[in-house]
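The next block holds one structure in the form of structure tokens; read it before the comments.
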Amino acid sequence: MNKRLADALFEAAYLSLITLFIAFSVIPVLVALVLSFDARGFIGPFPPTQFSLRWYERFLADDYYHAGLVTSLIVAITATLIATFAGTLAAIALSRATFRGRGALQAALLSPLVVPNVVLGFGMLIFAARLGIVDGMTRLIMGHVLITFPYVMRTTAASLVGIKASYYEAALSLGARPWKAIAQVTLPLARTGILAGAVFGFVTSFDDVGISLFLTDAFTYTLPVAILAQMRANLDLTIAALSVIFILATVLLIVLLDRLAGLDAVVGRGVYGR
Amino acid sequence: MRRPGLTAAMLWPALIIMAPLLLGPLFALAQESLKPYVGGRIGGDDAGALTLDNYALIAAPEYVRYFLDTFRVGLISSGLALALGFPMAHFIVRRARPATRRVLIGGLVGTLFLSLIVRVYAISMTFGPLGPLSGFSRLFGIRSNSPDGAELMVVLGLMNTTLPLVALTLIGTLQNINPRLEEAAMSLGAPRWKTFFLVTVAMSVPGILSAGIIAYAFCISNLVVPMLVGRGFILFVSNLIYSRFSDVANFPGGAALSIVMMVISVSLFYGLLHLVRSNWQEAGK
């Protein structure tokens with residue numbers, strides 16, 4: 001096979017894989033978007049024949065989802081605040097630490113990323129029962145701190161790598177106390193990393209099902225758990241309307257993240273960045 | 001210059017909060033898994049003698065099948081995610097203009113952030129029996145309402161979950177490979193495909209393997225995807241643990257399954273990662 005033909009074939013394969021990637025990511029979202037405006041009262045063949053806002057109205061009138069949303073927000077915000085506070089300090093401490101076992105401690109603190117959430121959730125349920133904690137909200141916050149912490153710590157740690165130790169040392173040599181040098185030099189420089197970590201932590205918590213399924217009680221349930229229960233019980237298109245609201249919220253979050261931290265901060269520019 | 005006092009002080013909040021949250025559930029699970037199971041009772045029998053029966057049950061063939069399904073379907077999904085994710089990451093790093101790059105990265109982070117349940121719902125609406133792409137499974141000679149059809153849906157759901165993760169991780173890898181090496185290969189007369197596979201892919205092997213390991217860890221621990229689109233044909237170990245909790249209240253059995261699953265996941269993850277790092281320490285630099 002000559003070189004030109006081989007290159008053309010390669011290029012075609014390369015571009016079709018990219019197209020497939022985009023199609024596979026975008027088409028389902030568009031289908032959900034179209035279905036959310038379906039006027040039919042049942043799930044019929046695609047595309048819908050008439051359009052209406054009935055599923056949005058149904059969602060707005062549904063107290064079951066509202067209660068889930070409120071719980072999700074309380075749990076996600078509380079867990080993110082706790083995890084961001086402890087995780088940021090731990091990331092800074094570990095970046096400076098020289099003691100033996102530093103790597104092991106770091107691996108232990110990141111371990112919830114590797115252990116299946118179902119295992120963490122089931123363990124947390126039994127643990128909370130042993131402690132006599134039966135309150136759903138407390139249990140949920142305990143579980144969500146556990147899974148958001150590693151995201152905050154990892155992202156903050158990654159952003160600390162680019163900050164030269166000499167800045168901190170310069171502050172010390174100019175007479176700042178160590179804690180002041182950290183608060184006024186290191187923390188502001190790591191701001192975008194901490195912020196990105198907090199956003200990742202919040203999203204992880206808000207979207208979690210694996211842990212929450214075990215820790216919810218009859219009155220305290222998160223939004224994803226509520227949706228899951230509805231999906232298994234009666235599949236109607238309220239969930240499509242809810243999906244579109246989720247998609248809009250995600251777009252908003254991405255724009256916000258881009259404004260605050262810059263999307264490039266999430267992936268970095270690399271050693272040979274343009 | 002290092003002040004151990006301050007470093008320790010900054011570690012304390014994390015230790016005080018995380019130590020009980022990490023160790024408490026672990027010990028609770030280990031202890032529960034050794035208790036005898038008494039039917040009809042929630043939680044193990046506290047008065048009974050400790051036993052390894054709950055672990056012995058897991059070795060039975062019908063349980064091993066769930067483990068094999070989990071690992072097999074996870075492998076297919078993360079393999080496909082790598083095959084699609086690598087060209088995408090390559091395109092973003094090497095070819096996309098700044099504006100396109102921004103949109104694509106925004107899209108990747110967006111799909112990563114979009115609720116998993118919403119994505120699985122969208123997939124099942126698109127590829128399900130009434131969806132516009134319901135014929136997709138026929139491309140592989142599979143009927144959508146057969147066990148193989150259910151497996152295909154689980155694979156699609158898991159791929160959708162891991163694709164953005166894989167692509168974003170690989171962007172990091174590719175950004176640290178010197179583009180001059182590819183230019184050099186091509187200016188020496190190598191065809192595009194050869195440059196791609198023998199230079200770019202070869203130098204990314206450690207990154208590809210780490211991305212694959214992360215994707216695999218995500219796939220095998222998934223609960224929602226098999227629960228919603230596996231239709232009972234495909235059940236992961238996660239689903240089995242959940243049903244021990246919710247359907248039959250066999251806490252000791254669920255705890256034993258959890259411990260086994262945890263040991264397998266953690267050793268797979270760190271074992272594979274260690275293997276990659278020790279074999280390719282300096283590659284890709």
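Just so you know, these numbers come straight off a predicted model, no measurement behind them. Order of the sequence lines fixes the chain letters, A, B, ..., with proteins taken first and strands second; residue numbering starts at 1 for each chain. Because only heavy atoms are used, hydrogens play no part in the values below, and waters and symmetry mates are left out as well, while side chains stay in.
- Options A:Val114, A:Ile126, A:Leu33 differ in how many heavy-atom pairs under 4.5 Å they form with chain B, and the most are formed by A:Val114.
- Residues A:Leu89 and B:Leu11 form no side-chain contact, since every pair of their non-hydrogen atoms from C-beta on lies 4.5 Å or further apart.
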field: Verdict with supporting geometry, B:Lys194 and A:Lys3, side chain to side chain contact (heavy atoms under 4.5 Å, CB included)
entry: CA-CA 10 Å; B:Lys194 224 170 176 175; A:Lys3 189 177 155 188; over 6 Å; no
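- Among the candidates A:Ala86, A:Pro224, A:Ala93, the residue making the largest number of heavy-atom pairs closer than 4.5 Å to chain B is A:Ala93.
- More than 12 heavy atoms of other residues, nucleotides or ligands sit less than 6.0 Å from atom CZ of A:Arg102.
- Contacts between A:Phe214 and chain B at a heavy-atom distance below 4.5 Å involve backbone atoms as well as side-chain atoms.
- Put simply, of B:Arg180, B:Met227, B:Arg119, B:Arg244, the one with the most heavy-atom pairs under 4.5 Å next to chain A is B:Met227.
- Side-chain contact between A:Val29 and B:Leu114 is present, with at least one heavy-atom pair separated by less than 4.5 Å.
- Comparing B:Leu268, B:Asn160, B:Val266, B:Thr111 by heavy-atom pairs within less than 4.5 Å of chain A, the highest count is held by B:Asn160.
- Between chain B and the residues A:Leu125, A:Leu15, A:Val199, A:Asn117, the most heavy-atom pairs under 4.5 angstrom are made by A:Leu125.
- Options A:Thr88, A:Leu242, A:Ile182 differ in how many heavy-atom pairs under 4.5 Å they form with chain B, and the most are formed by A:Ile182.
- Note: A:Leu113 CG to B:Ile214 CD1 = 9.0 Å, rounded to the nearest 0.5 Å.
- B:Phe86 is not listed as a side-chain neighbour of A:Phe21, based on a closest heavy-atom distance of 4.5 Å or more.
- For a residue to count as touching a neighbouring chain, one of its non-hydrogen atoms must lie under 4.5 Å from one of that chain's; by this rule A:Ile147 does not touch chain B.
- Counting all heavy atoms, side chain and backbone alike, A:Thr250 lies closest to B:Gly110 at CG2-O, 3.3 Å.
- For A:Gly123 against B:Ala28, the heavy-atom pair with the smallest separation is O-CB, 4.2 Å.
- Not less than 6.0 angstrom separates the ring centroid of B:Tyr242 from the ring centroid of A:Phe122.
- Residue B:Leu133 touches chain A through its side chain alone, counting heavy-atom pairs closer than 4.5 Å.
- In terms of heavy-atom pairs under 4.5 angstrom with chain A, the leader among B:Gly131, B:Ser265, B:Ser246 is B:Ser265.
- When side chains are defined from C-beta on, A:Ile18 does not count as touching B:His90, because their heavy atoms never get closer than 4.5 Å.
- Of the atoms belonging to B:Leu228, it is side-chain heavy atoms, and not backbone ones, that fall under 4.5 Å from chain A.
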Side chain to side chain contact (heavy atoms under 4.5 Å, CB included) between A:Leu105 and B:Leu15, intermediate numbers included: CA-CA 10 Å; A:Leu105 180 61; B:Leu15 290 177; 3.9 Å; yes
task: Apply ring pair (Phe, Tyr, Trp, His ring centres under 6.0 Å) to the pair B:Phe113 and A:Phe200, showing each step before the final yes or no.
output: CA-CA 8 Å; B:Phe113 279 2; A:Phe200 270 97; 5.1 Å; yes
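- Note: A:Asp208 CG to B:Ser115 OG = 10.5 Å, rounded to the nearest 0.5 Å.
- With a 4.5 angstrom heavy-atom cutoff, B:Ile123 touches chain A via backbone and side-chain atoms both.
- When heavy atoms are compared at a cutoff of 4.5 Å, A:Ala83 does not approach chain B at all.
- Taking CE of A:Met124 as the reference point, atom CG of B:Leu29 lies at 10.0 Å (rounded to 0.5 Å).
- Both the backbone and the side chain of A:Ile247 come within contact range of chain B, with heavy atoms under 4.5 Å apart.
- Counting non-hydrogen atoms of other residues, nucleotides and ligands closer than 6.0 Å to CZ of A:Phe85 gives a total of 12 or fewer.
- Looking at every heavy atom in both residues, B:Ala14 comes nearest to A:Phe149 through CB-CZ, 3.7 Å.
- The parts of A:Leu228 that come within reach of chain B are both its backbone and its side chain, each placing non-hydrogen atoms under 4.5 angstrom from that chain.
- There is no contact between A:Ala13 and chain B, counting heavy-atom distances below 4.5 Å.
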task: Start with the C-alpha gap between A:Val118 and B:Met261, add the side-chain angles, then the distance that decides, and say whether side chain to side chain contact (heavy atoms under 4.5 Å, CB included) holds.
output: CA-CA 10 Å; A:Val118 176; B:Met261 189 59 195; over 6 Å; no
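- In this structure the side chain of A:Tyr14 never reaches within 4.5 angstrom of the side chain of B:Trp193, judged on heavy atoms.
- Within 6.0 Å of CZ in B:Arg102 there are 12 or fewer heavy atoms belonging to other residues, nucleotides or ligands.
- Heavy-atom distances place both the backbone and the side chain of A:Leu213 under 4.5 Å from chain B.
- You'll find the side chain of A:Ser111 reaches within 4.5 Å of the side chain of B:Leu22, heavy atoms only.
- Contact between A:Ile254 and B:Gly106 at its shortest, heavy atoms only, is CG2-O, 4.0 Å.
- Taking chain A as the reference chain and counting heavy-atom pairs below 4.5 Å, the highest number among B:Met18, B:Met262, B:Met125 is found for B:Met18.
- Only the side chain of B:Phe197 comes within contact range of chain A, with at least one heavy atom under 4.5 Å from a heavy atom of that chain.
- Taking CG of B:Leu163 as the reference point, atom CD1 of A:Ile22 lies at 11.5 Å (rounded to 0.5 Å).
- Scanning all heavy atoms of the two residues, the minimum distance from B:Ala83 to A:Leu17 falls at O-CD1, 3.8 Å.
- Looking at A:Ala32, the atoms closer than 4.5 Å to chain B (heavy atoms on both sides) all sit in the side chain, from C-beta outward.
- With a 4.5 angstrom heavy-atom cutoff, B:Ala30 does not touch chain A via any of its atoms.
- Taking 4.5 Å as the limit, every side-chain heavy atom of A:Leu94 sits out of range of all side-chain heavy atoms of B:Met10.
- Proximity of a side-chain donor or acceptor of A:Asp7 to a complementary backbone N or O of B:Arg192 within less than 3.5 Å is detected.
- Interface residue A:Phe24: backbone and side-chain heavy atoms are both found under 4.5 Å from chain B.
- Taking all atoms of both residues into account, the shortest heavy-atom contact from A:Pro28 to B:Thr126 is CA-OG1, 3.2 Å.
- Heavy atoms of A:Met142 lying under 4.5 Å from chain B belong to its backbone as well as its side chain.
- Neither the backbone nor the side chain of B:Phe27 comes within contact range of chain A; no heavy atom of the residue lies under 4.5 Å from a heavy atom of that chain.
- B:Ile259 places none of its side-chain heavy atoms less than 4.5 Å from the side chain of A:Val119.
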